[in-house]
J.: 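Pasting a structure here, questions to come.
Hydrogens, waters and symmetry mates play no part in the numbers below; they use all other heavy atoms, side chains included. Computed from a prediction, not measured in an experiment: that's the story for all the values here.
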Amino acid sequence: QVQLVESGGGLVQAGGSLRLSCAASGSIFGINIMGWYRQAPGKQRELVAIITSTGGTNYPDSVKGRFAISRDNGKKTVYLQMNSLKPEDAAVYYCNFKIWEPHEGVYNDAWGQGIQVTVSS
């Protein structure tokens, strides 16, 4: 079974930076899309960043220019560099992999456990 383990969260002051990591373990044939989502108390989960297998990225306007997603296929790891953090960025962050299953011919979702990011003003 594939498991995703996140690290790098914590408490920072507004304007500071954090780098989140998410590493997969288990047998994986291939990973198409890697992404990050976040969920704040009382709010729905929202997409933060996506990176494709060829390196293309997509960000919502709320984080564009401040966050950067990257991937290391050899380490089966995705990163999220967060700069110029704002109090509204505080949330639990979840990584997500779309994993190719050749015997089923489909992509399956794998999710990280969630990691807290707190930003003080």
Side-chain angles (χ1 to χ4, degrees):
Q1 183 177 2
V2 176
Q3 294 184 339
L4 306 185
V5 179
E6 302 177 30
S7 61
L11 171 65
V12 297
Q13 291 187 327
S17 299
L18 283 175
R19 191 190 192 200
L20 305 182
S21 299
C22 174
S25 63
S27 181
I28 300 176
F29 181 81
I31 305 171
N32 187 4
I33 295 174
M34 296 177 169
W36 289 93
Y37 295 75
R38 68 186 181 188
Q39 187 166 21
K43 298 182 179 180
Q44 294 186 335
R45 186 186 303 176
E46 65 173 340
L47 176 68
V48 176
I50 284 179
I51 184 166
T52 70
S53 61
T54 55
T57 59
N58 192 28
Y59 307 90
D61 290 339
S62 59
V63 307
K64 190 174 298 182
R66 300 187 299 117
F67 290 10
I69 188 172
S70 60
R71 62 191 286 168
D72 186 326
N73 291 333
K75 296 181 178 180
K76 297 181 290 185
T77 300
V78 65
Y79 306 93
L80 184 67
Q81 179 67 46
M82 302 183 292
N83 300 321
S84 302
L85 282 163
K86 304 175 180 179
E88 51 262 43
D89 294 319
V92 176
Y93 284 70
Y94 301 88
C95 58
N96 171 257
F97 290 5
K98 306 293 185 184
I99 300 174
W100 177 244
E101 299 287 353
H103 297 293
E104 301 179 57
V106 299
Y107 286 97
N108 288 330
D109 278 320
W111 290 90
Q113 80 280 7
I115 190 164
Q116 180 70 52
V117 171
T118 303
V119 185
S120 62
S121 60

J.: Honestly, is Arg71 close enough over Tyr79, meaning NZ or CZ under 6.0 Å from the six-membered ring centre and within 45° of the axis?
T.: no
J.: Within a 6.0 Å radius of atom NZ on Lys64, are there more than 12 heavy atoms belonging to other residues, nucleotides or ligands?
T.: yes
J.: Establish, from distance only, whether the side-chain atoms of Thr77 and Asp72 form a donor-acceptor pair under 3.5 Å.
T.: no
J.: Apply salt bridge (charged side-chain N to carboxylate O under 4.0 Å, His left out) to Arg38 and list each qualifying residue two or more places apart in sequence or on a separate chain.
T.: Glu46, Asp89
J.: Phe97 and Cys22: which non-hydrogen atoms are nearest, and at how many Å?
T.: CZ-O, 3.8 Å
J.: Taking side chain as C-beta onward, heavy atoms only, is Thr118 less than 4.5 Å from Val12?
T.: no
J.: What closest approach, in Å, do Leu11 and Val119 show between heavy atoms, and which atom pair accounts for it?
T.: CD1-N, 4.5 Å
J.: Which heavy atom of Ser70 sits nearest a heavy atom of Ile51, and at what distance?
T.: CA-CD1, 3.9 Å
J.: Between Gln13 and Ser121 (side chain of the first, backbone of the second, donor and acceptor by atom type, cut-off under 3.5 Å), is there such a pair?
T.: no
J.: Running the 4.5 Å side-chain criterion over Ile, Leu, Val, Met, Phe, Trp and Tyr, what cluster does Ile33 land in, apart from itself?
T.: Tyr37, Leu47, Ile50, Val92, Tyr94, Trp111
J.: Test side-chain contact (heavy atoms from CB on, under 4.5 Å) on Lys98 and Met34; report intermediate values, then the result.
T.: CA-CA 6 Å; Lys98 306 293 185 184; Met34 296 177 169; over 6 Å; no
J.: Tell me whether Gln81 contacts the main-chain N or O of Ala68 through its side chain, where contact means a donor paired with an acceptor under 3.5 Å.
T.: no
J.: Which pair of heavy atoms, one from Ala40 and one from Ala90, lies closest together, and at what distance?
T.: CB-O, 3.8 Å
J.: Is it possible for you to say whether Ile31 and Tyr107 belong to one hydrophobic cluster, with membership spreading through side-chain heavy-atom contacts below 4.5 Å?
T.: no
J.: Return the minimal non-hydrogen interatomic distance between Ser17 and Asn83, and the atom names on each side.
T.: OG-OD1, 2.9 Å
J.: Nearest 0.5 Å please: distance from the OH atom of Tyr93 over to the CD atom of Gln113.
T.: 15.0 Å
J.: Side-chain contact, heavy-atom cut-off 4.5 Å: Trp36 with Leu20?
T.: yes
J.: Around atom CD of Glu101, are there more than 12 heavy atoms from other residues, nucleotides or ligands closer than 6.0 Å?
T.: yes
J.: Going hydrophobic residue to hydrophobic residue with side-chain gaps under 4.5 angstrom, can you get from Val5 over to Val2?
T.: no
J.: If you round to the nearest 0.5 Å, how far is CG of Leu4 from OG of Ser21?
T.: 12.5 Å
J.: Is a donor on one side and an acceptor on the other found under 3.5 Å between the side chain of Lys76 and the backbone of Gly26?
T.: yes
J.: I'd like to know if the side chain of Tyr59 and the backbone of Ile69 have a donor-acceptor N/O pair within less than 3.5 Å.
T.: yes
J.: Step by step, would you call Leu80 with Arg19 a side-chain contact (heavy atoms from CB on, under 4.5 Å)?
T.: CA-CA 6 Å; Leu80 184 67; Arg19 191 190 192 200; over 6 Å; no
J.: For residues Val78 and Cys95, report the shortest heavy-atom separation together with the two atoms involved.
T.: CG1-CB, 4.3 Å
